[in-house]
Amino acid sequence: ETQAIRTEADVYYPLVYDHKRIDILIVEGILLFKKKYLPYYDFKIWIDCSFETGLERAIERNVENLDKERLIYDYDMYYYAAQRLHFKRDNPQQIADIIFNNNH
């Protein structure tokens, strides 16, 4: 059970996952290699993508439907600031079993 968000409307809603008899579960997202979560993972893959490449892709996708300047601001102020802190505290690349280069 978690909270999901409709990013285009900034609206949160409850989301319940109810799965049974799962052999493999793949979890994708940022900040997942926090030390408190590591005991739950059998195998960890780090998808390496620079902030520059990620921002180019975010601008191209623009699922948030924001103007370019606001999108750049949000990524720098929130997403990338949180990731920099995660890198400093948890050093996620160091604990990954595999690193996949997802840059150009």
Side-chain angles (χ1 to χ4, degrees):
E1 198 169 315
T2 188
Q3 288 256 336
I5 184 172
R6 288 184 36 224
T7 56
E8 80 285 353
D10 204 23
V11 173
Y12 290 85
Y13 60 94
L15 178 63
V16 176
Y17 294 96
D18 185 21
H19 303 288
K20 295 171 179 47
R21 303 182 73 196
I22 295 176
D23 293 322
I24 296 174
L25 176 64
I26 298 174
V27 181
E28 180 272 333
I30 62 171
L31 313 177
L32 292 177
F33 286 7
K34 289 182 177 182
K35 291 176 182 155
K36 68 181 183 179
Y37 300 140
L38 296 179
Y40 299 104
Y41 307 140
D42 295 319
F43 196 74
K44 298 169 295 304
I45 301 172
W46 177 260
I47 310 292
D48 191 41
C49 182
S50 70
F51 291 154
E52 294 81 13
T53 299
L55 187 57
E56 287 174 18
R57 293 173 181 168
I59 290 168
E60 187 177 315
R61 289 190 302 272
N62 196 5
V63 296
E64 296 88 352
N65 292 316
L66 299 172
D67 63 68
K68 183 178 177 179
E69 292 75 26
R70 177 59 193 257
L71 191 65
I72 292 169
Y73 175 83
D74 283 359
Y75 267 74
D76 189 49
M77 191 69 167
Y78 303 109
Y79 302 122
Y80 292 158
Q83 288 182 48
R84 286 183 190 100
L85 184 60
H86 180 44
F87 294 164
K88 183 178 177 180
R89 287 184 179 171
D90 304 304
N91 198 3
Q93 289 179 319
Q94 188 67 32
I95 54 126
D97 298 300
I98 291 176
I99 297 175
F100 176 82
N101 183 350
N102 195 27
N103 288 293
H104 298 295

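In this text the structure is predicted, and so the values were computed from the model without any measurement. When reading the values below, keep in mind they use all heavy atoms of this one structure, side chains included, and skip hydrogens, waters and symmetry mates.
- Within a 6.0 Å radius of CD1 in I22, other residues, nucleotides and ligands contribute more than 12 heavy atoms.
- Applying the side-chain hydrogen bond (donor to acceptor under 3.5 Å, both in side chains) rule to pairs touching residues 26-40 yields nothing, sequence neighbours excluded.
- Using cut-offs of 30° and 60° on the angle between ring planes, the pair Y80 and F51 is parallel.
- The neighbour count for Y13 OH, taken as heavy atoms of other residues, nucleotides or ligands under 6.0 Å away, is above 12.
- Taken to the nearest 0.5 Å, the NE2 atom of H104 stands 6.0 Å off from the CZ atom of R57.
- Note that CG of D18 is 10.5 Å distant from CD of E1, once rounded to the nearest 0.5 Å.
- Put simply, CD1 on I95 and OH on Y41 are 8.5 Å apart, with the number rounded to the nearest 0.5 Å.
- Closest approach of F33 to H86, counting heavy atoms only: C-CE1, 3.4 Å.
- For CZ of R89, the number of neighbouring non-hydrogen atoms (other residues, nucleotides, ligands) closer than 6.0 Å is 12 at most.
- Y79 and L85 fall into different hydrophobic clusters, where Ile, Leu, Val, Met, Phe, Trp and Tyr side chains are chained together by heavy-atom contacts under 4.5 Å.
- Grouping Ile, Leu, Val, Met, Phe, Trp and Tyr residues whose side-chain heavy atoms lie under 4.5 Å apart, directly or via other members, places I47 in a hydrophobic cluster with F43, I45, I98, F100.
- The shortest heavy-atom contact between N102 and T53 is O-CG2, 4.2 Å.
- The environment of Q3 atom CD is dense: over 12 non-hydrogen atoms of other residues, nucleotides or ligands sit within 6.0 angstrom.
- Considering CG of D67 and CD1 of I72, their distance stands at 9.0 Å, rounded to 0.5 Å.
- Applying the 6.0 Å contact sphere to CG of D42 captures no more than 12 heavy atoms from other residues, nucleotides or ligands.
- Between C49 and G54, the shortest heavy-atom contact is SG-N, 3.7 Å.
- Hydrophobic clustering (ILVMFWY, side-chain heavy atoms < 4.5 Å, transitive): L31 and I5 are in distinct clusters.
- A distance of 9.0 Å separates CD in E60 from CD in E56, rounded to the nearest 0.5 Å.
- Atoms CG and CH2, from L32 and W46 in turn, are 9.0 Å apart once rounded to the nearest 0.5 Å.
- Cluster membership for V16 and V27, using ILVMFWY side-chain heavy atoms within less than 4.5 angstrom, is not shared.
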